[in-house]
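Below: one structure, written as structure tokens.
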Amino acid sequence: MKKQWWHELIGYQIYPRSFQDTDGDGNGDLRGILRHLDDIQELGVNALWICPVTKSPMLDSGYDTADYDQIDPMFGTMEDMKALLAGAKSRGIHVIMDLVVNHSSSEHPWFLEALKNPEGEYGKYYIIRRGHDGQPPNGWRSFFGGSAWEPVGDSGYYYLHLFTKYQPDLNWENPRLRQEIYGMINRWMDMGVEGFRIDSINHLKKDFSRSGEDGFTNVEGIGELLRELRDNTYGPRGGFTIGEVNGIRPEQMEEYIGEGGYFSTMFDFTCMRYRLQSPCWQGRQEEMVDACRKELFDSQRRAAGRALLCNVMENHDTPRLGGRFCPPEEISPRSKAALGTMNFFLAGIPFIYQGQAIGMEDYPKEDISQFRDFATFNLYREYQQDGATAAEALARLNADSREHARTPMQWDGGVNGGFTDGEPWFDVNPNCVRINLEAQRTDPASLFSYYRKMVALRKREDLRELFIYGETVPVFEECGGVIAYERRWEGTRVLVACNISGRPVSLPQPVSGLEVLLDNIQETPEKTAPQDGNLELQPYEALVCRITA
Ligand code: ISL
């Protein structure tokens, strides 16, 4: 694999509305990110992905853009953005933005024009079609519930929205629209943004002859659009891009992220999909971990030597990882550390989500009114239309809602966890008295200190290349509940072994000559790493060792 500057990145994702408020309006802002750049640097990461901060009515948390060239006043000003870019640069941190171009907001001036005249110039910026007999053009369903078509008044026209009705899909078949988007991307890059996390990009192309998701997901011919997009923007500028790509065929990975691919990398969402709360896994943690391991190693195998995946355990669309993998009584700093380790040392580019490194947890709600996301309310209605009672629908949301990831960052144990002096836009988890950065920063046994060690280990001069380019060799695959692999590079071997279960495990074959590099049970490293014999892993123990013999 040809070396690229971005292979060295270890990223941190910021959900800005919940990061840090500095002006007392209860919403996080760009100055809040600037304030914490030293904390981010302390963690050791060298890339930031900032979720949308451009102008938006915030009906999908900024994934509904009303002006691609302006910062939303909620987050601050263009001057704040420039200060943030400069502050990050001076600390060696590369900043990427979220690029949301499958759809805009229904308040975007293009769309307002399109509504006035669906046949006019701006009508062609969107996907607007005539319905038949009072019915939408076809039966496509939105990802967030209901029909994907919304009538344009009583004109007989409908516009397409794959997400909420406030997010009309842009028409990528229109070359004028494409040029507008390329211009906007280049303006951000001129300003110092070094790349993008590209939202919902596999839905750009539509095929109206197909029913269901096949009509708008990875449709034949999408590659031409993705190639042209790259060639007119980040490609020639050497930008770093992460595609949010779901559901491509395994053999397409190289086309997307191999050498000369459409993006630098794409998320491996494997770990996000496994949830103990899902009806199929309840009470079956070991089977779930085994299934997850198999899928993770399959994608590692496919990428090996061809591409680097972007490895993630949490993001703004998924409940926190402790509850996804562990029964409630086993959610602890130790189990969270083991889960973090399992993913962090795989081949690829790791990204840590805000709050993950201090072990933030889901915050179940007592009432539907405590949620904030339009998509949540849609689901709440849908669950009830499908026969659930209100209480059952709420329980389902509490088990599965993406909003769990969006509670404000817990900086300290004080009022509102140090997030705001005002009224927070979304309730702070009261467990901030226990789980917060201030308490963990100076505690060498804390999860935050452990994450710092993980990052430092990945960056260690003598192991850096092994962790980026080394082979990933699954080991102890027969051992239920354990995820273990070796990383191998030019004669150096490192074993990563994580016990994702609440019982001790003895690995089935002897191992010898282990030098412990990292252990999430700091008190007993010598017990767990015998010079010769079978390795014993305590419940939720994670070990990273150099194999010296
Ligand atoms: O494509 C999907 C399923 O095959 C969806 O899961 C989709 O990829 C996902 O919902 C996209 O999420 C992103 O775009 C949304 C936004 O609400 C999310 O927060 C964002 O991560 C719409 O912009």
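Remember, it's 1-based here, ligands and their atoms both numbered in the order they're listed. Because only heavy atoms are used, hydrogens play no part in the values below, and waters and symmetry mates are left out as well, while side chains stay in.
For ligand 1, the atoms lying closer than 4.0 Å to a non-hydrogen atom of His316 are 18 (C), 19 (O), 20 (C), 21 (O). When each atom of ligand 1 is checked for a heavy atom of Arg402 under 4.0 Å away, the hits are 16 (C), 17 (O), 18 (C), 19 (O). Per-residue contacts place Arg197 under 4.0 angstrom from the following atoms of ligand 1 (heavy atoms of the residue considered): 20 (C), 21 (O). Listed by atom number, the atoms of ligand 1 under 4.0 Å from Ser200 heavy atoms are 11 (C), 13 (C), 14 (O). Counting atoms of ligand 1 from 1 in the listed order, those under 4.0 Å from a heavy atom of His103 are 22 (C), 23 (O). Within ligand 1, counting atoms from 1 as listed, the ones closer than 4.0 Å to a heavy atom of Asn246 are 1 (O), 2 (C), 8 (O). Of all atoms in ligand 1, numbered sequentially from 1 with element shown, those under 4.0 Å from a heavy atom of Asp60 are 15 (C), 16 (C), 17 (O), 22 (C), 23 (O). Within ligand 1, counting atoms from 1 as listed, the ones closer than 4.0 Å to a heavy atom of Arg406 are 19 (O).
The heavy atom nearest to atom 19 (O) of ligand 1, out of those in Asp317, Asp98, Val245, Thr65, is found in Asp317.
Between Phe111 and Tyr126, the ring planes lie perpendicular to each other; the angle is over 60°, past the 30° to 60° tilted range. Note: His36 and Phe19 have perpendicular aromatic rings, judged against thresholds of 30 and 60 degrees for the angle between ring planes. Relative ring orientation between Trp49 and Phe267 is described as tilted, the plane-to-plane angle lying within the 30° to 60° band. Ring planes of Phe351 and Phe240: parallel class, angle under 30° (limits at 30 and 60°).
Under the 4.0 Å criterion applied to side-chain N and carboxylate O atoms, Glu361 and Lys336 are assigned as salt-bridge partners. With respect to Arg197 and Asp98, a salt bridge is recorded, a charged nitrogen being found less than 4.0 Å from a carboxylate O. Electrostatic pairing of Asp317 and Arg402 counts as a salt bridge here, judged by a charged N lying under 4.0 Å from a carboxylate O.
Counting protein heavy atoms only, atom 10 (O) of ligand 1 is closest to Phe163 CE2, 3.6 Å. Nearest protein heavy-atom neighbour of atom 11 (C) of ligand 1: Glu244 OE2, 3.2 Å. In terms of protein heavy atoms, atom 3 (C) of ligand 1 is closest to Phe143 CE2, 3.6 Å. Asp199 OD1, 2.9 Å is the protein heavy atom nearest to atom 14 (O) of ligand 1. Shortest contact from atom 1 (O) of ligand 1 to any protein heavy atom: His203 NE2, 2.8 Å.
When the options Glu254, Glu255, Glu251 are evaluated for a salt bridge (Lys or Arg N to Asp or Glu O under 4.0 Å) with Arg306, the one that passes is Glu254. Shown are Asp29, Leu30, Thr420, Asp80; of these, the side chain to side chain contact (heavy atoms under 4.5 Å, CB included) with Thr22 is made only by Asp29.
With a 4.0 Å cut-off on non-hydrogen atoms, Phe144 touches ligand 1 through its side chain and not its backbone.
Atom CH2 of Trp6 sits about 10.5 Å away from atom CD1 of Ile242, to the nearest 0.5 Å.
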